[in-house]
Amino acid sequence: MKRLMYPFLALAFGAAIIAGAAIAGAGGAGAEGAPALPVADTVYTNGVVYTADAAHTMAQAVAVKDSRIVYVGDDAGAAAYVGAGTTSVDLAGKLMLPGFIDSHMHASSAISDLYEVGLYGLPTMKAYQKAIRTFASANPDLTVIQGGGWANPVAPGIGPTKGQLDAAVKGRPAVLWSEDGHSVWCNTLALKQAGITARTKDPEGGVIERVPGTKIPSGTLREAAADLVTGILPDYTVEQWKNGIRHFQQDVAAPLGLTTATDAALTPGDATLGAYQQLADADELTVRMRGFLYLGPESGPIADQVAAAVAERAKHTTPLFQTNTVKLFVDGVVEGHTALLNYPYKDKPGFLGVPVWPQYAALQEASVEATKAGFQLHYHCIGDAATSQALNAVAAAEAAIGSDAGRPGITHLQLVTPSDFVRFAQLKVTAVPQPYWFVKDNYYYGIQLPYLGKWRADREYPMKSFFDNGVLVASASDYSVTYPPDPLDAIQTGVMRWIQSSYEWAKKGDILWPAERVTLQQMIDSFTIAGARANFLEDETGSLEIGKSADMVVLDTNILTCPAARIGNAQVLQTIFRGATIYDRAVERERVNKLKEGIHSLQIAIQSWCVDNSDRFPPASIVTADGLGVYVDVWPSNPWTGLPMKPGEDRGDYTYTRLRSGKSYQLAGHISATQDFVVP
Ligand SMILES: [Zn+2]
């Protein structure tokens with residue numbers, strides 16, 4: 001790792017800290033004839049500040065006034081900005097970076113934490129079923145059980161089946177998205193209500209998985225086929241979406257240092273868009289958001305779709321929420337055999353995948369019309385053929401307007417034809433990769449090796465090639481596909497292309513495409529200044545420079561000097577957005593401690609309830625006063641023997657979820673029918 005980090009270390013230590021006056025361009029306060037310097041609201045000193053400006057300047061201090069940066073430089077220069085009423089913050093040698101920017105994610109999908117069951121990271125079908133069963137019994141008011149996060153490697157081939165889902169929830173329709181968002185898993189009732197039978201044909205661009213040897217739908221619907229069932233689901237209300245977005249910014253974004261993020265597939269007219277605008281108008285947004293408006297082949301004439309997008313864009317002109325980008329899917333994903341390849345899948349001879357736009361001309365027309373209407377283009381491309389098609393469409397858009405297409409972006413970029421790297425640069429297309437995925441994990445071993453073959457699997461997710469060809473690279477998580485969307489994890493993975501984990505597949509030195517490792521500085525810039533450029537925000541944020549919004553993070557670890565393998569363990573101490581501290585880890589810790597005390601008394605309450613009601617069972621879910629849920633998984637009978645529970649027997653475990661940072665918090669406690677309950 002030393003070799004990798006060396007270039008940046010040399011820079012960090014070798015570059016002189018730029019003097020304050022040189023940046024400020026003003027004389028000292030009170031100097032004869034010089035204009036008086038503004039009195040800052042807050043001055044941060046004694047830090048290690050990486051500014052991410054064009055010269056990669058290091059500094060010690062930052063001064064902020066009226067939410068803007070008024071000074072970056074050394075401590076001595078900062079003193080001139082301190083006046084009556086200035087808050088002085090001693091960074092105590094900690095690292096300060098610009099606030100992180102995630103250039104492709106689905107922020108509002110955080111709503112699923114509030115109203116849906118999450119299966120992310122659960123290892124087996126049995127664990128899925130248990131989680132779904134628990135959620136369903138804890139939420140008797142939901143008319144449909146929705147959720148997501150199941151992984152294709154857990155249910156390879158035809159995917160999870162309706163029977164497996166019926167075993168968890170039968171009386172209500174249940175529809176659960178895969179963690180990559182490209183397939184849904186339905187129970188029998190959901191398929192029935194959607195009218196999907198053996199006679200239903202696969203829709204264009206989609207696959208209805210069938211019971212092998214028959215035409216009977218087996219329960220998994222891929223790509224466009226998912227619309228058959230998701231189209232009948234009730235949408236959330238604007239109020240529910242607002243709660244989801246609030247949850248995202250408070251519990252997901254702020255603790256991870258994200259100050260600018262995206263919502264990458266919104267449809268004009270969606271309640272989500274109204275929710276964002278209401279929050280923006282009420283000055284409630286603590287993340288600068290950019291929404292991408294979806295254009296698709298199944299959504300009617302292109303002209304009508306673009307007109308709807310234009311009308312939607314006009315509603316969102318506030319600085320913190322705008323929708324100036326259109327999102328087009330060119331293909332699907334490898335695990336669904338829907339990624340568009342130049343050469344056939346290894347396990348499906350002669351098969352090249354499923355284009356989302358059956359006619360390339362229609363994809364081109366959509367790109368041209370959207371560009372003419374002033375939209376920025378943003379494409380989903382997994383396969384090498386898909387990326388080539390997107391680049392061709394960008395070229396067509398450029399030709400149509402006779403100039404640059406306006407910073408188009410292509411995201412995911414799992415396989416890229418080598419000759420296309422230079423086309424990214426020529427067409428000024430931003431590469432938007434997800435460095436979180438640059439590892440040989442269960443997807444590599446379980447999906448990519450058998451589906452693509454070793455040659456292609458070992459050449460997936462390029463990154464350095466983009467930099468080497470002068471392409472703008474803006475990193476992203478694709479949250480909630482990646483969960484949690486912690487930029488520090490991705491910065492580590494981009495540098496190492498390997499991650500320490502307990503899994504058997506994470507063998508030491510088993511690096512995914514070592515030649516594509518990039519430098520630490522490239523990774524940091526891809527989450528800061530490059531993300532700003534990709535979203536036309538470089539005058540507003542992305543680097544610590546005078547005049548820009550004071551969007552900053554303070555870390556507990558200096559990731560510029562720590563071993564690369566520890567970068568992902570670094571924690572955000574403070575997140576500052578427009579000059580205001582929106583996250584402070586010390587304050588947060590106090591809150592968590594209070595919550596723990598609350599849980600303790602809750603445990604006592606549950607315990608005595610059990611004792612007082614020895615022939616009954618505690619309520620299936622309890623929501624604490626501050627809205628945090630405690631799910632009590634209750635077994636009316638012994639799950640192993642089927643016999644009624646006896647006093648003293650465990651009645652189940654319970655899990656306490658939804659702490660900040662999106663991580664769930666497991667309590668190793670048991671509710672038993674007698675006093676032998678132990679508080680952890
Ligand atoms: Zn996405």
Side-chain angles (χ1 to χ4, degrees), residues 100-112 116 118 120 148-152 177-184 205 222-224 226-227 230 244-245 248 252-253 258 260-267 270 272-273 276 287 289-296 299 323 325-336 338-340 356-357 363 375-383 386-387 390 408-416 429-438 443 460-461 473-487 489-490 526-527 531 534-535 662:
F100 294 128
I101 297 171
D102 191 317
S103 294
H104 178 111
M105 61 143 62
H106 304 271
S108 61
S109 65
I111 196 171
S112 59
E116 298 175 12
Y120 298 91
W150 57 270
N152 282 287
W177 286 95
S178 58
E179 65 177 353
D180 61 18
H182 287 264
S183 306
V184 292
R222 310 252 185 223
E223 302 298 340
D227 301 339
T230 55
I245 297 161
F248 167 77
V252 182
L258 291 163
T260 301
T262 44
D263 210 322
L266 301 168
T267 303
D270 272 356
T272 328
L273 288 150
Y276 274 119
V287 187
M289 291 299 311
R290 290 295 178 264
F292 301 174
L293 301 174
Y294 173 82
L295 299 183
S299 307
T323 56
T325 305
V326 289
K327 163 78 177 290
L328 303 99
F329 286 85
V330 181
D331 66 346
V333 291
V334 171
E335 51 267 40
T338 47
L340 220 49
V356 168
W357 298 75
L363 171 68
F375 281 104
Q376 182 181 22
L377 301 165
H378 189 90
Y379 299 94
H380 162 117
C381 297
I382 290 280
T387 296
I410 302 181
T411 194
H412 307 324
L413 301 162
Q414 186 166 351
L415 296 176
V416 180
V429 175
T430 308
V432 186
Q434 282 73 31
Y436 302 83
W437 306 345
F438 296 177
Y443 271 86
E460 61 174 10
Y461 299 124
V473 184
S475 285
S477 65
D478 205 18
Y479 168 86
S480 56
V481 175
T482 300
Y483 186 91
D486 184 347
D489 286 343
S526 77
F527 270 108
N535 291 287

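Numbering of ligands and ligand atoms starts at 1, following listing order. Positions are given from 1, in the same order as the sequence printed here. Here the structure is a predicted model, which is why all the values come from computation and not from measurement.
With sequence neighbours left out, Phe527 forms a ring-ring contact (aromatic ring centres under 6.0 Å, His included) with no residue at all. Taking the side chain to side chain contact (heavy atoms under 4.5 Å, CB included) definition, one finds that Ala253 meets it with Phe248, Leu258, Val287, sequence neighbours left out. Not counting sequence neighbours, the partners of His378 by the ring-ring contact (aromatic ring centres under 6.0 Å, His included) test are His104, Phe292.
Of the options Asp263, Asp270, Thr272, a side-chain hydrogen bond (donor to acceptor under 3.5 Å, both in side chains) to Ser108 is made by Asp263 and by none of the others.
In summary, the side chains of Gln434 and Thr411 do present a donor paired with an acceptor at a separation below 3.5 Å, with no hydrogens or angles considered.
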Verdict with reasoning, His182 to Trp177, per ring-ring contact (aromatic ring centres under 6.0 Å, His included): CA-CA 7 Å; His182 287 264; Trp177 286 95; 8.7 Å; no
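Protein atoms that are N, O or S and lie under 2.8 Å from the Zn ion (ligand 1) are these: His104 NE2, His106 NE2, Asp478 OD1.
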